[in-house]
J.: 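Would you mind keeping the following structure in view while I ask a few things?
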2 protein chains.
Amino acid sequence: MRSLIAQTAMDLFAEKGYDDTTVEDVAAAAGISRRTLFNYFRNKEDLALGGLTEQGELIAARLAERPDDESIWASLRSSFGVLQEIDATFERRLEIVSLLFGNDSLRAGHAEKQARWQELLAPLIAPRLPESDHRMLKARAIAATAITCLQAAIEEWVRRRGDADLFDLYDAAIEAVRRTT
Amino acid sequence: MRSLIAQTAMDLFAEKGYDDTTVEDVAAAAGISRRTLFNYFRNKEDLALGGLTEQGELIAARLAERPDDESIWASLRSSFGVLQEIDATFERRLEIVSLLFGNDSLRAGHAEKQARWQELLAPLIAPRLPESDHRMLKARAIAATAITCLQAAIEEWVRRRGDADLFDLYDAAIEAVRRTT
DNA sequence: GCACACTCTTGCACGCAGTGCAAGCGAATG
DNA sequence: CATTCGCTTGCACTGCGTGCAAGAGTGTGC
């Protein structure tokens, strides 16, 4: 039900734009009342960003399964692979991501949700780090950096209208961060 | 004028909380009308986050002045030093940052504004990178990572209620990202 | 068949954010 | 003194989000 509504919402957003689509519109298109829609989604933003929370959980679940002896960076990269397995056509994916980057408040919400992934990933990373001061901070920094590089890669991917392999871009970003003097 | 209003707003936010303070309240406390307040600030969020845009510009200005032969990471670290020079007492600083992290939409706006710093810093970083594919992407990734580590450090700093040196935390974060295998 | 409880939906009224418009007000200029 | 320009303000309106209470539909026990 939630996903049905979200689906309809995304269609409308893609068609008319986020700002020019009212919650009323979405509710009508989904055949429910405005009030009921707010029973399923906390706010309008959630209609567009709800999927991100779920994605974060998928990534965390995948990360938890990676072997302990694998390098952290390799584990993270591999965990992000979940995103490629999501069921959506190429065009749809491009459409969605463009939508998220095309609106100020959505971009903000998007950034925040991804920042929250940090909270899910860091506890899985910390145990793998050597004993030292600030271990949790370090784990958070690593998670945040990986996510940030992923985000930069996605942004570049959109900029090129999908004409590049996302993970090539991600690798380039990580390489720059870790190897540049 | 802008800063006077922002000042009053921050006082109220700190006293009653962001959500429990209406724009009306702020306008009244500043001795202007609600409508006029919106002439100075695009929205309520800007009352709390307006300073961040300016900070980003300060950092970029500082970065532009750093010598070319300095390592990028050293230049970035040094540029962030501007933040320490901002005129505010220790308590005030803690109060402000706590406010920003204590509210969902403010956290989102905060994350977004800092992400925008990326756009300012990346063009200054790119020319310093060796020729290669995806140079701009790499510059953005480096900027984003530095900012992200700064943010993680600030978060940790708040968590400890200011009982740590911000740059020690920042260094720990960067070291973890760049040295961890 | 009937009463009861439970859940899901809905309409209504409300508060607050943000905007367009047009009127007002004061200061500087000619 | 009249005009103009910029800044302020009130007003009305749209849209988001919420609390509340009234249905509507379904299952349970008697």
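Small disclaimer: the values here were computed from a predicted structure and weren't measured. Residue numbers begin at 1 in each chain, while the letters A, B, ... track the order of the sequences.
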J.: Is any side-chain N of the basic residue among B:K44 and B:D19 closer than 4.0 Å to the acidic one's carboxylate O?
T.: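 Salt bridge: no.
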
J.: Please give, in whole Å, the distance from C:dC16 C1' to B:D25 CG?
T.: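 Rounded to whole Å, this separation is 11 Å.
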
J.: Dump the pairs, protein N or O against N or O of nucleotides 7-11 of chain D, anything under 3.5 Å, distances to one decimal.
T.:
unit_1: D:dT8; atom_1: OP1; unit_2: B:Y40; atom_2: OH; d: 3.0
unit_1: D:dT8; atom_1: OP2; unit_2: B:Y40; atom_2: OH; d: 3.2
unit_1: D:dT9; atom_1: OP2; unit_2: B:S33; atom_2: N; d: 3.1
unit_1: D:dT9; atom_1: OP2; unit_2: B:S33; atom_2: OG; d: 3.4
unit_1: D:dT9; atom_1: OP2; unit_2: B:T36; atom_2: OG1; d: 2.6

J.: Check the distance between D:dT18's P and A:F41's CZ and give it to me in whole angstrom.
T.: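 That distance rounds to 14 Å.
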
J.: Out of curiosity, B:L12 CG to B:D20 CG, how far, rounded to the nearest 0.5 Å?
T.: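 Answer rounded to 0.5 Å: 11.5 Å.
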
J.: Do B:D11 and B:T8 have side-chain atoms, one donor and one acceptor, less than 3.5 Å apart?
T.: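 Result is no, nothing qualifies.
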
J.: Tell me whether A:R140 is salt-bridged to B:E155, with the criterion being a basic N under 4.0 Å from an acidic carboxylate O.
T.: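 No, A:R140 and B:E155 are not salt-bridged.
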
J.: Start with the C-alpha distance between B:Y170 and B:D165, add both sets of side-chain angles, then the distance that settles side-chain contact (heavy atoms from CB on, under 4.5 Å), and finish with yes or no.
T.: CA-CA 9 Å; B:Y170 175 76; B:D165 180 70; over 6 Å; no

J.: Answer yes when B:D69 and B:R128 have at least one side-chain N-carboxylate O distance shorter than 4.0 Å, and no when they do not.
T.: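 Salt bridge between B:D69 and B:R128, a charged N being under 4.0 Å from a carboxylate O: no.
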
J.: Could you tell me how far apart A:K44 (NZ) and C:dA17 (C1') are, to the nearest whole angstrom?
T.: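 It works out to 13 Å between those atoms.
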
J.: How many whole angstroms separate atom CZ of A:F38 from atom P of C:dG15?
T.: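 Whole-Å distance recorded here is 18 Å.
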
J.: If you take all heavy atoms of A:E45 and A:S105, which pair is closest and at what distance?
T.: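 Smallest interatomic distance, heavy atoms only, reads OE2-O, 3.4 Å.
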
J.: Are the side chain of B:S78 and the backbone of B:A74 linked by a donor-acceptor contact shorter than 3.5 Å?
T.: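 No, B:S78 side chain to B:A74 backbone: no donor-acceptor pair under 3.5 Å.
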
J.: In residues 14-22 of chain A, what residues come within less than 4.0 Å of DNA chain C, judged by heavy atoms?
T.: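 Heavy-atom contacts with DNA chain C come from no residue of residues 14-22 of chain A; none.
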
